[in-house]
Every structure is written in C-alpha cells, then in structure tokens.
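Numbering starts at 1 and runs along the sequence shown. Values below: every heavy atom of this structure, side chains too, minus hydrogens, waters and symmetry copies.
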Amino acid sequence: MENLMMTGDGIDATVVTGNRSVKDGYRTFQTPTFGVSGNGFIARDMTFQNTAGPEKEQAVALLSQSNQSVFYRCSFKGYQDTLCVQSQTQFYRNCDVYGTIDFIFGNAAVVFQNCNLCVRRPMNG
C-alpha cells in the first residue's frame, strides 16, 4: 500500500514489539519487528522495539524501504542493528533511536531532525 499513516498515543504508550534475532536462526533482514515498503508511509507517536537483547546479536526493530517515509515523535529500541534505513528517502523528526552496535545502518538518503541517538551499554558477560 502507498500513503499509509499509523498514529499512536505517544512514545512508549503505543508499542509494536518483537524479538527475532540472528542468534535465534534468522538472517538480519528477517528479524525486523516492523517493516515498511509502501511509498509515502507516515508513523507518529509510536515505539517500535526488538526485545531480543544485546546477547542475541543483530535484531532489527524497524526496517524501512519506503520512499518519502516520515517518522514523527517515534522511538526505535533495540541493541545491535536497531534501525535499518535500507533504501529510498526517509525523514525522522523528534525521534529517539536506542542501540549498542551499528544501531542505524542502511543505504537510504535520510534526514534526522531534532532526534536523540541513545547509545546503550551492552551487558557484560
């Protein structure tokens, strides 16, 4: 679908969650909690998270392949490979991205405006 909009009740009030990871036998691009491919996608006031944890290696919270996608007041929570901005053009405003290693990756043309990039400490041991 194109030009789809999802509106939540706020960061941490509306949460889309999953826990697939590479350590559980999935490839990185099979782990996203939420994937977007339709052009013109908009999300606002939501949290997308992957709860696999730091010990599970790659575990994507959001994979976006959508052209002209917009994320406003959203949060993306994970550890390794939290946010995959795989392709096209994307815009993030007033968002929070949490992760440990390579937590934003991909080949898209992306603008982050007034966003917080929050580095998590990996668990020891």
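Contact detail for Arg73 and Asp45: the closest heavy-atom pair is NE-OD1, 2.7 Å. Between Ser69 and Ser64, the closest heavy-atom pair is OG-OG, 3.5 Å. Counting all heavy atoms, side chain and backbone alike, Asp81 lies closest to Asp102 at OD1-O, 3.2 Å. Of all the heavy atoms in Met46 and Val16, the pair that sits closest is CE-CG2, 3.7 Å. Between Thr31 and Gln58, the shortest heavy-atom contact is CG2-O, 4.0 Å. Listed here is the closest heavy atom pair of Asp12 and Lys77: OD1-NZ, 2.8 Å.
Put simply, the side chain of Val22 does not reach to within 4.5 Å of the side chain of Lys56, judged on heavy atoms. Within the 4.5 Å cutoff, no side-chain heavy atoms of Cys95 are placed close to those of Phe112. For the pair Gln68 and Phe41, the minimum side-chain heavy-atom distance is 4.5 Å or more.
To the nearest 0.5 angstrom, Phe29 atom CZ is 7.0 Å from Leu63 atom CG. Rounded to the nearest 0.5 angstrom, Phe76 CZ and Cys84 SG are separated by 12.0 Å. From Thr17, atom OG1 reaches atom CZ of Phe34 across 13.0 Å, with rounding to the nearest 0.5 Å. Rounded to the nearest 0.5 Å, atoms OG1 (Thr82) and CD1 (Ile104) are 8.0 Å apart.
One hydrophobic cluster, built from ILVMFWY side chains closer than 4.5 Å, holds both Val85 and Val97. In this structure, Phe103 is not a member of the same hydrophobic cluster as Tyr26, with clusters built from ILVMFWY side-chain heavy atoms closer than 4.5 Å.
The residue from Phe48, Tyr72, Phe71 that alone fulfils the ring-ring contact (aromatic ring centres under 6.0 Å, His included) condition with Tyr92 is Phe71.
Listed for the Ser21 side chain is no donor-acceptor partner under 3.5 Å among the backbone atoms of Ala59. Without hydrogens or angle criteria, Thr14 side chain to Asp9 main chain gives a donor-acceptor distance under 3.5 Å. Put simply, the side chain of Thr33 gets close to the backbone of Gln49: a donor and an acceptor are under 3.5 Å apart. Of the possible donor and acceptor atoms, one in the side chain of Arg20 sits under 3.5 Å from a partner among the backbone N and O of Gln30. Listed for the Gln90 side chain is a donor-acceptor partner under 3.5 Å among the backbone atoms of Ser87.
In the displayed structure, Met5 atom CE is contacted under 6.0 Å by more than 12 heavy atoms of other residues, nucleotides or ligands.
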(request) Check the pair Ile42, Phe91 against side chain to side chain contact (heavy atoms under 4.5 Å, CB included), reporting the backbone distance first and the verdict last. (result) CA-CA 9 Å; Ile42 300 172; Phe91 181 68; over 6 Å; no
Only distances under 3.5 Å count here; give the side-chain donor-acceptor pairs of residues 113-120 to other protein atoms, sequence neighbours excluded, each with its distance to 0.1 Å.
residue, atom, partner, partner atom, Å
Gln113, OE1, Arg93, NH1, 2.5
Asn114, ND2, Asn94, OD1, 2.8
Asn116, ND2, Asp96, OD1, 2.8
Arg120, NH1, Gly78, O, 3.1
Arg120, NH1, Tyr79, OH, 3.2

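For Asn67 and Thr89, the side-chain atoms include at least one donor-acceptor pair closer than 3.5 Å. A donor atom on one side chain and an acceptor atom on the other are not found under 3.5 Å apart for Ser37 and Gln65.
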